[in-house]
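What follows is one structure encoded as structure tokens, with my remarks underneath.
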Amino acid sequence: MSKIRIKNFGPIKEGCLEDDGFLDIKKVTIFIGNQGSGKSTVAKVISTMMWLEKAINKGDMIGLSNSIFHYHSRFQGISDYFKPNSEIDYWGEKYSLKFSEVEVIPEKNEVEYGKYITPKVMYIPAERNTLSSISNIKGMPDHLLTFYEELRRANKELKGKRLKLPINDYEYEYDEQSDSTFIIGFDYKIKILNASSGIQSFAPLYVVSKNLAQLVIDSDETIRKSMMSESILQMNEEMAALEVNDNLPENMKVIKRKEIKAKFLSKCFINIVEEPEQNLYPTSQRQILNSLLEFNNLSEGNKLIMTTHSPYIINYLSLAIQADYLKGKIHSDMLLEKLNSIVPLKSTISASDVAIYQLDERDGTIRKLSTFDGIPSDKNLLNQSLADGNELFDQLLEIEQEL
């Protein structure tokens, strides 16, 4: 399991106040907190570190330096967050990356053969809902441009077929000839530009997440076709060098072929999503969460990392955790069907695979949300905000009584 420690970086000051300062990056990891508390900062650092670990494993980076580290942090727009006393300590599945203003030290972890699965790392930004109205990509931030390119690739792979969305029986369609996307309802068809803000935010998130989750479990040839040309060339060169090596017996070449493929072909999906609930009604938030959990369950190495302001996301995640607990105890088809009607069985998640962290914008700290029998505590910042609203209303009633 990967983990990370962040101190004095952007809005993060002391960082995590428990577990030796490390945050566990589990199969599902969620960050909650006020604006400016550092949720997206942590998610972007994790994204950068996982990408660097992948690049090192492929041999793209023989060594690391501060300048290289700063350069890659610009991709996520966090290069201005460094301070003289910044510290980032990442423990990946195969490599450790430790950063300070003095030096960057990559280290190779001792892992069992085959444990590290080359990931497809996708950062899905909150600005995704602007893509439906953008006609000129010039000047687009790198992380948004990357998402835009993945969306275009996913659209083209639909090949004119309609994709059923999990909200309101809508369907999604891409027309390559006009380079336009449409939302189709019961008796209408409109361009996504004219759809609600929630659909403009939700549809790209769903389309890309579904596409990438299915891609990494597809055939090697399909995955290869989705790779950058530089990576394809590099893999072909290594394969060619292997085949002409007469010093290796055939049984060793078989092993080496698998190692080269494992290094270049992404077989798991790291889905990092900002605000999946964006502009969505509570029941729609439940449906998108269930979809993301289902995609996350398709492959062993998949991870879902989210930032959220929504108490509903946490509450619906609690349903998925409790449903997973019950699923393991039920031996009746009738009860399983009833359970599936509440939480889809494909969308359940074990409590041990979930970590939720609360970030405080006032002191720059991070705390792990406590649980009760694996269920996230109701005493979290999001629910507290609801309680604060009730308290303020009680104060208004007191004023009314005084009148």
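Index from 1, following the sequence.
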Side-chain donor/acceptor of [X] to backbone N/O of [Y], under 3.5 Å:
| X | Y | answer |
| --- | --- | --- |
| S266 | P119 | yes |
| D353 | V28 | no |
| K39 | N34 | yes |
| S180 | S178 | yes |
| R74 | S79 | no |
| E274 | A126 | yes |
| S291 | Q287 | yes |
| T29 | I25 | no |
| N302 | F269 | yes |
| R128 | P125 | yes |

Worksheet item: Quick one: CD1 on I167 to OG1 on T283, what's the gap to the nearest 0.5 Å?
Response: 8.0 Å

Practice prompt. Please round to the nearest 0.5 Å and tell me the distance separating atom OH of Y90 and atom OH of Y95.
Written response: 12.0 Å

Worksheet entry | Residue pairs passing the salt bridge (charged side-chain N to carboxylate O under 4.0 Å, His left out) test where at least one lies in residues 47-70, sequence neighbours excluded | K58-D60

Item to complete: Would you tell me whether Q278 and S201 have side-chain atoms, one donor and one acceptor, within less than 3.5 Å of each other?
Response: yes

Practice prompt. Answer yes if the side chains of K83 and N8 hold a donor-acceptor pair under 3.5 Å, and no otherwise.
Written response: no

Taking atom [atom1] of [X] as the centre, report whether more than 12 heavy atoms of other residues, nucleotides or ligands fall under 6.0 Å from it.
| X | atom1 | value |
| --- | --- | --- |
| Y81 | OH | no |
| K159 | NZ | no |
| K261 | NZ | no |

Practice prompt. Report yes or no: is the cationic atom of K3 (NZ for Lys, CZ for Arg) closer than 6.0 Å to the six-membered ring centre of F22, at no more than 45° off its axis?
Written response: yes

Could you tell me how the ring of [X] sits relative to the ring of [Y]: parallel (under 30°), tilted (30 to 60°) or perpendicular (over 60°)?
| X | Y | value |
| --- | --- | --- |
| Y312 | Y316 | parallel |
| Y170 | Y188 | perpendicular |
| F82 | H70 | tilted |
| W51 | H72 | tilted |

Cut-off 3.5 Å, no hydrogens considered: what does the side-chain donor-acceptor table look like for residues 333-347, sequence neighbours left out?
unit_1: N340; atom_1: OD1; unit_2: L345; atom_2: N; d: 2.9
unit_1: S341; atom_1: OG; unit_2: K338; atom_2: O; d: 2.5
unit_1: S347; atom_1: OG; unit_2: N290; atom_2: O; d: 2.7

Please determine if [X] and [Y] form a salt bridge, counting it only when a charged side-chain N lies under 4.0 Å from a carboxylate O.
| X | Y | value |
| --- | --- | --- |
| D89 | K7 | no |
| D175 | K191 | no |
| R5 | E87 | yes |
| E238 | R257 | no |
| E173 | R162 | yes |
| E250 | K253 | no |

Practice prompt. With sequence neighbours excluded, tell me which residues meet salt bridge (Lys or Arg N to Asp or Glu O under 4.0 Å) with E150.
Written response: K120, R153

Worksheet entry | Name of the residue among T365, L369, I366 meeting side-chain contact (heavy atoms from CB on, under 4.5 Å) with Q358 | L369

Response to the item:
Note: G92 and S2 closest approach over all heavy atoms is CA-OG, 3.8 Å

